[in-house]
Amino acid sequence: MLDVPTLFCTFAASGRLFGVPLIDIKEVSAETHCTPIPHAPKHVQGYVNIRGQIILALDLKRILNLPADGRVAQRLVIFKAKIGPAFGLLVDEVGEIASVRNQDIVADETNLDLESPSTSGLIRYICKLPDQLLVVLEAKNFLPIVEQELHQQSR
């Protein structure tokens, strides 16, 4: 059986490398000016208008409880509709497309200090790249976390 590599769109937040399968990405935008949403969960940065389409912008650093490093998000990674309705992640910078073979996927993410009860299910697995680790995120689980927080706020 052939070991067909998987392609990942990579991006950085708080000095860590993250990625999602390239097949899940609609586009990456430099437009990051957000219109705030009153009473939105802390993970929601606001709405971004891209060519007339309104995109919900989620702050990756806040969702994963990453330390604030003073950097301002420079890119919005927007997902295809199959992942969820019009949303994207604000990230510090977008990296290269990474090609990862199955043998480079590591299932153990316990040493990352990223998992918390509010973010469980966001990390799919970790991949070994030649010079660093790539944390692969489960994009379809981002909106349910925001919805869960909205539900908790309404109580």
Side-chain angles (χ1 to χ4, degrees), residues 1-32 34 40-46 48 50 55-152:
M1 182 183 232
L2 293 175
D3 185 17
V4 179
T6 303
L7 299 177
F8 294 97
C9 173
T10 66
F11 43 87
S14 295
R16 297 183 186 201
L17 186 66
F18 296 94
V20 293
L22 186 60
I23 197 166
D24 294 341
I25 302 295
K26 178 180 178 184
E27 69 179 286
V28 175
S29 176
E31 178 58 56
T32 59
C34 296
K42 66 179 181 173
H43 307 119
V44 176
Q45 191 69 29
V48 177
I50 299 177
I55 307 291
L56 180 66
L58 304 179
D59 187 329
L60 182 62
K61 290 179 189 177
R62 287 185 179 173
I63 290 174
L64 295 179
N65 298 315
L66 296 173
D69 60 359
R71 295 190 66 185
V72 176
Q74 299 291 313
R75 296 286 185 259
L76 181 64
V77 177
I78 303 169
F79 296 98
K80 291 181 179 176
K82 69 177 185 169
I83 301 300
F87 85 100
L89 295 175
L90 287 165
V91 301
D92 293 341
E93 61 186 80
V94 174
E96 297 181 6
I97 302 301
S99 177
V100 177
R101 298 173 305 176
N102 285 339
Q103 65 196 41
D104 294 328
I105 295 174
V106 180
D108 183 15
E109 68 274 358
T110 55
N111 294 327
L112 284 177
D113 298 327
L114 292 175
E115 288 287 335
S116 71
S118 65
T119 61
S120 65
L122 290 182
I123 298 174
R124 183 185 280 182
Y125 44 75
I126 299 171
C127 302
K128 292 185 289 187
L129 299 180
D131 56 346
Q132 61 188 327
L133 293 177
L134 171 67
V135 179
V136 177
L137 302 173
E138 186 66 69
K140 68 180 180 185
N141 291 343
F142 279 95
L143 286 180
I145 285 177
V146 172
E147 290 170 2
Q148 179 183 13
E149 189 163 318
L150 269 173
H151 180 69
Q152 289 173 351

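This one's a predicted model, so the numbers in the text were calculated from it and none came from an experiment. All residue numbers refer to positions in the sequence shown, counting from 1.
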**Student:** Would you please name every residue forming a side chain to side chain contact (heavy atoms under 4.5 Å, CB included) with Glu138, sequence neighbours left out?
**Tutor:**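 Per chain and number, Glu138 pairs via side chain to side chain contact (heavy atoms under 4.5 Å, CB included) with Arg124, Lys140, Asn141.
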**Student:** Does Lys42 offer a backbone N or O that forms a donor-acceptor pair with the side chain of Arg62 under 3.5 Å?
**Tutor:**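 Side chain of Arg62 to backbone of Lys42, a donor-acceptor pair under 3.5 Å: yes, one is there.
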**Student:** Applying salt bridge (Lys or Arg N to Asp or Glu O under 4.0 Å), name anything that partners Glu27, two or more places apart in sequence or on another chain.
**Tutor:**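 Partners of Glu27 by the salt bridge (Lys or Arg N to Asp or Glu O under 4.0 Å) criterion, ordered by chain and then number, come out as Arg51.
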**Student:** Could you give the distance from CG (Leu60) to CZ (Phe11), rounded to the nearest 0.5 Å?
**Tutor:**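 The distance works out to 6.0 Å.
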**Student:** Can you see which heavy atom on Tyr125 is nearest to which on Val106, and at what distance?
**Tutor:**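 Between these two residues, the closest heavy atoms are CB-O, 3.6 Å.
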**Student:** For the pair Gln132 (side chain) and Pro130 (backbone), establish whether a donor and an acceptor sit closer than 3.5 Å, ignoring hydrogens and angles.
**Tutor:**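 Not confirmed, Gln132 side chain does not pair with Pro130 backbone.
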**Student:** Say you draw a straight line from CG of Leu90 to CD1 of Ile63; how long is it, rounded to the nearest 0.5 Å?
**Tutor:**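 If I round to the nearest 0.5 Å, the distance is 9.5 Å.
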**Student:** Working to the nearest 0.5 angstrom, can you tell me the gap between Leu129 CG and Thr10 OG1?
**Tutor:**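 Between atom CG of Leu129 and atom OG1 of Thr10 there are 8.0 Å.
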**Student:** Are Lys128 and Leu133 packed together at the side-chain level, in the sense that at least one heavy-atom pair is separated by less than 4.5 angstrom?
**Tutor:**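 Yes, close enough: below the 4.5 Å cut-off.
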**Student:** If we only count heavy atoms from C-beta on, is the Ile126 to Val136 side-chain gap below 4.5 Å?
**Tutor:**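 Of all side-chain heavy-atom pairs linking Val136 with Ile126, none is under 4.5 Å.
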**Student:** By side chain to side chain contact (heavy atoms under 4.5 Å, CB included), which residues pair with Pro5, not counting sequence neighbours?
**Tutor:**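 Applying side chain to side chain contact (heavy atoms under 4.5 Å, CB included) to Pro5 gives Ser99, Arg101.
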**Student:** Do Leu66 and Phe18 have side-chain heavy atoms sitting under 4.5 Å apart?
**Tutor:**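 A side-chain contact under 4.5 Å exists here.
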**Student:** For a quick test of reading the model, state the closest non-hydrogen atom pair linking Ile97 to Cys9 and the distance between them.
**Tutor:**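 Where Ile97 meets Cys9 most closely, the heavy atoms are CD1-CA, 4.1 Å.
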**Student:** Please list all pairs meeting salt bridge (charged side-chain N to carboxylate O under 4.0 Å, His left out) that have one or both residues in residues 79-94, counting only residues at least two apart or in different chains.
**Tutor:**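 As it turns out, the salt bridge (charged side-chain N to carboxylate O under 4.0 Å, His left out) pairs with a partner in residues 79-94, which skip direct neighbours, are Asp24-Lys82, Lys61-Asp92, Arg71-Glu93.
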**Student:** Rounded to the nearest 0.5 Å, how far apart are CG of Leu56 and CD of Gln45?
**Tutor:**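 Nearest 0.5 Å value for the CG-CD distance: 10.5 Å.
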**Student:** With rounding to the nearest 0.5 Å, note down the distance linking CD1 in Ile123 to CG in Leu137.
**Tutor:**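 Answer rounded to 0.5 Å: 7.0 Å.
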**Student:** Decide side chain to side chain contact (heavy atoms under 4.5 Å, CB included) for Ile55 and Leu76; before the verdict, give the C-alpha distance in whole Å, the side-chain angles of both, and the deciding distance to 0.1 Å.
**Tutor:** CA-CA 10 Å; Ile55 307 291; Leu76 181 64; 4.1 Å; yes
**Student:** Assess whether side chain to side chain contact (heavy atoms under 4.5 Å, CB included) is satisfied between Val44 and Asp59, documenting all intermediate values.
**Tutor:** CA-CA 6 Å; Val44 176; Asp59 187 329; over 6 Å; no
**Student:** Give every residue pair that meets the ring-ring contact (aromatic ring centres under 6.0 Å, His included) criterion with at least one member in residues 85-104, sequence neighbours excluded.
**Tutor:**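 Every pair satisfying ring-ring contact (aromatic ring centres under 6.0 Å, His included) with a residue in residues 85-104: Phe79-Phe87.
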**Student:** Side chains of Leu143 and Pro85: does their closest heavy-atom pair fall under 4.5 Å?
**Tutor:**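 Yes; the side chains approach each other to less than 4.5 Å.
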**Student:** Are side-chain heavy atoms of Leu134 and Phe8 found at a separation under 4.5 Å?
**Tutor:**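 Of all side-chain heavy-atom pairs linking Phe8 with Leu134, at least one is under 4.5 Å.
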**Student:** Rounded to the nearest 0.5 Å, what separation is found between the CD1 atom of Ile145 and the CG atom of Leu58?
**Tutor:**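 Rounded to the nearest 0.5 Å, the CD1-CG separation comes to 10.0 Å.
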**Student:** Over all heavy atoms of both residues, which pair between Ala57 and Cys34 is shortest? Give the atoms and the distance, please.
**Tutor:**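 Reported closest heavy-atom pair: CB-SG, 3.8 Å.
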**Student:** Taking C-beta and beyond as the side chain, do Val48 and Thr32 meet within less than 4.5 Å on heavy atoms?
**Tutor:**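 No, side chains not in contact.
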**Student:** Before giving the answer on side chain to side chain contact (heavy atoms under 4.5 Å, CB included), spell out for Gln103 and Ile105 the whole-Å C-alpha distance, their side-chain angles and the decisive distance to 0.1 Å.
**Tutor:** CA-CA 6 Å; Gln103 65 196 41; Ile105 295 174; over 6 Å; no
